[in-house]
There are 2 protein chains.
Amino acid sequence: MTGMHDGPKSPPTLHDVAREAGVSVATASRALNGSSRNVRSENASRVRAAAARLGYEPHLSAQAIAKGSTRTVALVVRDVADPYFSAIAAGVTRAAETDRLIVTMAVADGPPERELEIVRTLRGQRPRAIIVAGSRVDGAGTRDALIEELRQYRTAGGRVILISQRDLPFATVTIDNRGGAERLARALLGVGYRRFAVFHAPASVRTSRDRHEGFVAGLCGSGVPEPLAIETGFTREGGYEAARRLVERGFEDVEAVFAVNDVMAVGAMTAFRDAGVVPGADIGVAGFDDIASAVDVVPALTSVAVPLREAGVRAVLLALSHDEEAVVDLPTHVVLRASTPGRPTR
Amino acid sequence: MTGMHDGPKSPPTLHDVAREAGVSVATASRALNGSSRNVRSENASRVRAAAARLGYEPHLSAQAIAKGSTRTVALVVRDVADPYFSAIAAGVTRAAETDRLIVTMAVADGPPERELEIVRTLRGQRPRAIIVAGSRVDGAGTRDALIEELRQYRTAGGRVILISQRDLPFATVTIDNRGGAERLARALLGVGYRRFAVFHAPASVRTSRDRHEGFVAGLCGSGVPEPLAIETGFTREGGYEAARRLVERGFEDVEAVFAVNDVMAVGAMTAFRDAGVVPGADIGVAGFDDIASAVDVVPALTSVAVPLREAGVRAVLLALSHDEEAVVDLPTHVVLRASTPGRPTR
DNA sequence: TTGTAGGCGTTATCAC
DNA sequence: GTGATAACGCCTACAA
């Protein structure tokens with residue numbers, strides 16, 4: 001019996017491995033991680049064997065401080081559970097894995113100041129890159145502070161990648177929100193709708209604003225009236241609420257609604273149904289994002305497909321590149337489905 | 001002009017802060033992190049001011065190696081984009097934030113060996129805890145290796161938390177899959193269904209097996225025939241596929257199907273519709289998990305609600321506790337909706 | 001209360 | 001090729 005109460009044995013160190021293999025730490029280090037070639041192959045295998053026997057795993061923090069750099073990428077999202085962000089996160093983790101990067105995740109839901117605070121503490125990790133998805137960098141006074149914080153991080157050698165619109169001096173993966181919404185408007189005009197409502201979030205949500213503006217732009221010159229704008233939350237409940245309000249107001253001739261994202265659109269469809277209005281038949285509904293469930297909802301939701309996963313992947317690629325202000329533009333495309341069967345052009 | 005090509009200035013260190021404040025590193029360290037009280041308040045504020053001026057942020061890796069412990073929690077999931085896992089992840093990040101923990105995320109989709117490999121490299125981070133959600137620890141030969149790996153990690157002072165079934169000697173957050181499925185079966189019997197099909201994943205997926213078994217158990221003694229079991233993938237496509245097969249086989253009298261998770265159920269409903277079979281009316285459909293969209297799908301999906309977010313929160317709490325094999329049992333409850341309006345008991 | 005010095009686990013620089 | 005040894009940025013006795 002070797003002792004019944006050993007307590008937490010601390011993990012084996014490189015030192016232990018070296019001793020076990022009968023070589024110096026330097027050699028052990030080289031055999032396991034270093035530029036490999038310069039160690040006698042017999043010793044190399046001795047070391048590897050010893051490492052395996054001991055269950056040695058290099059202490060990443062120690063490596064980080066010795067090498068002066070980490071293999072960590074920090075991802076900031078507003079809500080992991082939201083399909084929009086989780087799709088991006090999936091892309092990020094996927095790409096990170098192939099490049100042996102570690103992904104740390106921070107959630108910035110609270111107020112905008114919170115986002116600033118998060119980025120600040122994130123810097124403590126000394127990540128190779130900070131990827132900010134869907135920030136409300138737009139928000140008032142904190143905006144400048146956040147930019148300053150990110151800039152400082154960058155001059156300290158970090159990479160900043162934004163997934164949003166290209167309006168900040170950082171590498172950015174943009175999603176063609178404006179263009180997509182514009183094309184969606186044209187497509188809806190094409191199937192005969194003439195009178196629209198737009199369910200949008202407050203103007204501080206840049207994504208919402210861009211999609212809204214794009215939609216209006218797409219209607220331009222068609223001679224149809226300005227769409228009815230209803231402001232609400234950027235969430236499923238927001239969409240539900242807005243639809244309820246539209247019903248209460250008696251529709252005001254609206255034939256189709258464009259909700260600036262799919263979860264809002266889905267919420268709206270449910271609200272319509274709850275009010276006895278049949279989406280698709282009584283009123284057209286379109287969203288944006290083309291989330292997975294768009295196709296399983298009834299009627300299937302017309303939307304604008306956004307390569308979210310791809311955005312995550314590209315963000316990591318940008319993180320690895322060295323182009324400080326590179327911009328990757330991701331296309332979006334309209335997907336017409338049963339929720340907008342169209343109206344006869346009278 | 002101070003030089004136009006400064007290059008990446010490395011981030012300020014505690015040393016810099018100390019110098020700027022005119023004190024020793026030790027004092028600076030104490031003022032910023034240490035037991036605080038024992039430093040003259042004037043010096044303390046000097047240091048804090050200097051830190052703020054320089055934009056200093058402590059190097060977490062350095063702290064980790066100096067203190068011999070991190071504030072990191074590693075989360076292993078099978079797919080971030082899956083609402084099941086993203087809900088758990090949301091809970092984990094939420095709880096981690098209130099405890100100022102850093103969450104790193106790893107995705108274990110590939111083969112089971114991949115999971116082993118991931119846990120191994122995760123150990124390199126020396127995280128306080130490794131939380132494994134929905135692992136297929138069941139899978140054959142790698143199972144023992146994985147257990148051994150986790151055990152090793154634990155004896156090295158790490159905490160292991162599993163979110164799954166309680167069949168491994170580690171702290172576990174359990175979800176009452178069996179019980180939930182059992183009660184679901186009874187509820188469906190209660191509204192009059194008598195002939196069932198179960199869409200389930202291969203037996204190696206423990207969650208699927210438990211729900212399947214629970215459902216069968218719930219039927220027990222009611223005199224209804226053994227449900228028709230159709231094996232398929234644990235995904236939306238799997239559900240679609242299974243439904244298609246059931247339709248092809250002419251239903252064999254099946255009045256309601258139980259898909260072992262909601263995304264499968266949703267896929268199944270779409271498949272039924274595509275085949276001209278109206279879910280709810282022509283055939284009952286029930287799922288498990290009660291994902292957010294269950295209520296927006298048509299007809300609204302009968303399901304078993306699982307406190308996924310809560311599971312994530314509790315996992316972090318367990319990570320902070322010191323009970324090595326604690327078990328937290330999370331209840332599930334049946335939610336009957338329009339997808340199972342019931343059949344007359346003839 | 002403050003500073004000095006040693007140590008944490010690695011890597012990198014030098015001699016050998 | 002290999003082995004001492006000095007970093008890396010921080011914390012923490014210990015001493016002053």
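Computed from a predicted structure; not experimentally measured. Residue numbers start from 1 in every chain, and the chains themselves are labelled A, B, ... in the order their sequence lines are given, proteins ahead of strands.
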- Task: Please report, rounded to the nearest Å, how far the C1' atom of dT2(C) is from the CG atom of N38(B).
- Result: 10 Å
- Check the surroundings of atom CZ in R126(A): do more than 12 heavy atoms from other residues, nucleotides or ligands lie under 6.0 Å from it? yes
- Among dG3(D), dC11(D), dT12(D), the nucleotide that comes nearest once only the side chain of A26(B) is considered: dT12(D)
- Query: How about Y84(B) and S86(B): do any of their side-chain heavy atoms sit closer than 4.5 Å?
  - Reply: no
- Item | Length of the CG-C1' vector between L60(A) and dC8(C), whole Å | 15 Å
- Under 4.0 Å between a side-chain N or O of N43(A) and OP1 or OP2 of dG1(D)? no
- For R46(A) and dG1(D), what is the distance between atoms CZ and P respectively, to the nearest whole Å? 17 Å
- Nucleotide dG9(C), atom P - distance to CG of L32(A) in whole Å: 16 Å
- Query: From the list dC8(D), dA4(D), dC8(C), which nucleotide is the closest neighbour of the side chain of S24(A)?
  - Reply: dA4(D)
- Message: The side chain of A62(A) is closest to which nucleotide in this list: dT10(C), dC11(D), dA13(D)?
- Response: dT10(C)
- Item | Between P of dC11(D) and NE2 of H15(B), the distance in whole Å | 14 Å
- Message: Checking contacts here: which listed nucleotide (dT11(C), dG9(C), dT1(C)) is nearest the side-chain heavy atoms of L14(A)?
- Response: dT11(C)
- Rounded to whole Å, CD of E57(A) lies from C1' of dT10(C) at a distance of 14 Å
- Query: Would you say the side-chain atoms of T207(B) pair up with the backbone N or O of V205(B), donor to acceptor, closer than 3.5 Å?
  - Reply: no
- Message: One thing to verify: whether R120(B) and E117(B) come together as a salt bridge, which I'm taking to mean a side-chain N less than 4.0 angstrom from a carboxylate O.
- Response: no
- Query: For F170(A), does its backbone N or O pair with a side-chain atom of T172(A) as donor and acceptor, under 3.5 Å?
  - Reply: yes
- Item | Candidates dC10(D), dT10(C), dT2(C) - which lies nearest the side chain of T27(B) | dT2(C)
- Query: Has Q63(B) got a side-chain N or O lying under 4.0 Å from the OP1 or OP2 atom of dC10(D)?
  - Reply: no
- Query: Checking only heavy atoms, does the side chain of R126(A) share a donor-acceptor pair with the base of dG9(D) at less than 3.5 Å?
  - Reply: no
- Task: Quick one: label T13(A) by what it contacts on the DNA or RNA (base, sugar-phosphate, nothing), any heavy atom closer than 4.0 Å.
- Result: sugar-phosphate
- Item | Of the listed nucleotides dG9(C), dC11(D), dT1(C), the one nearest the side chain of I65(B) | dG9(C)
- Item | R314(B) side-chain N/O to D329(B) backbone N/O, donor-acceptor pair under 3.5 Å | no
- Under 4.0 Å between a side-chain N or O of N33(B) and OP1 or OP2 of dC11(D)? yes
- Message: Please give the stem ranges for DNA chain D, sorted by first residue number, where a stem is three or more consecutive Watson-Crick or G-U pairs and both donor-acceptor distances are under 3.5 Å.
- Response: C:1-16 with D:1-16
- DNA chain C: 5'-proximal contact among H59(A) and A44(B) (nearest heavy atom): A44(B)
- Note on the structure: Per atom distances to the R30(A) side chain, the nearest of dG3(D), dC11(D), dG9(D) is dG3(D)
- Item | Whole-Å gap separating P (dT12(D)) and NZ (K67(B)) | 6 Å
- Message: Heavy atoms from C-beta onward define the side chain here; which of dT11(C), dC10(D), dG1(D) lies closest to that of R40(A)?
- Response: dG1(D)
- Any side-chain heavy-atom pair of L116(A) and E149(A) under 4.5 Å: yes
- Looking only at side-chain atoms of V39(A), point me to the closest of dT12(D), dT2(D), dA4(D). dT2(D)
- Message: Please determine whether the number of non-hydrogen atoms from other residues, nucleotides or ligands lying under 6.0 Å from atom CZ of R46(A) exceeds 12.
- Response: no
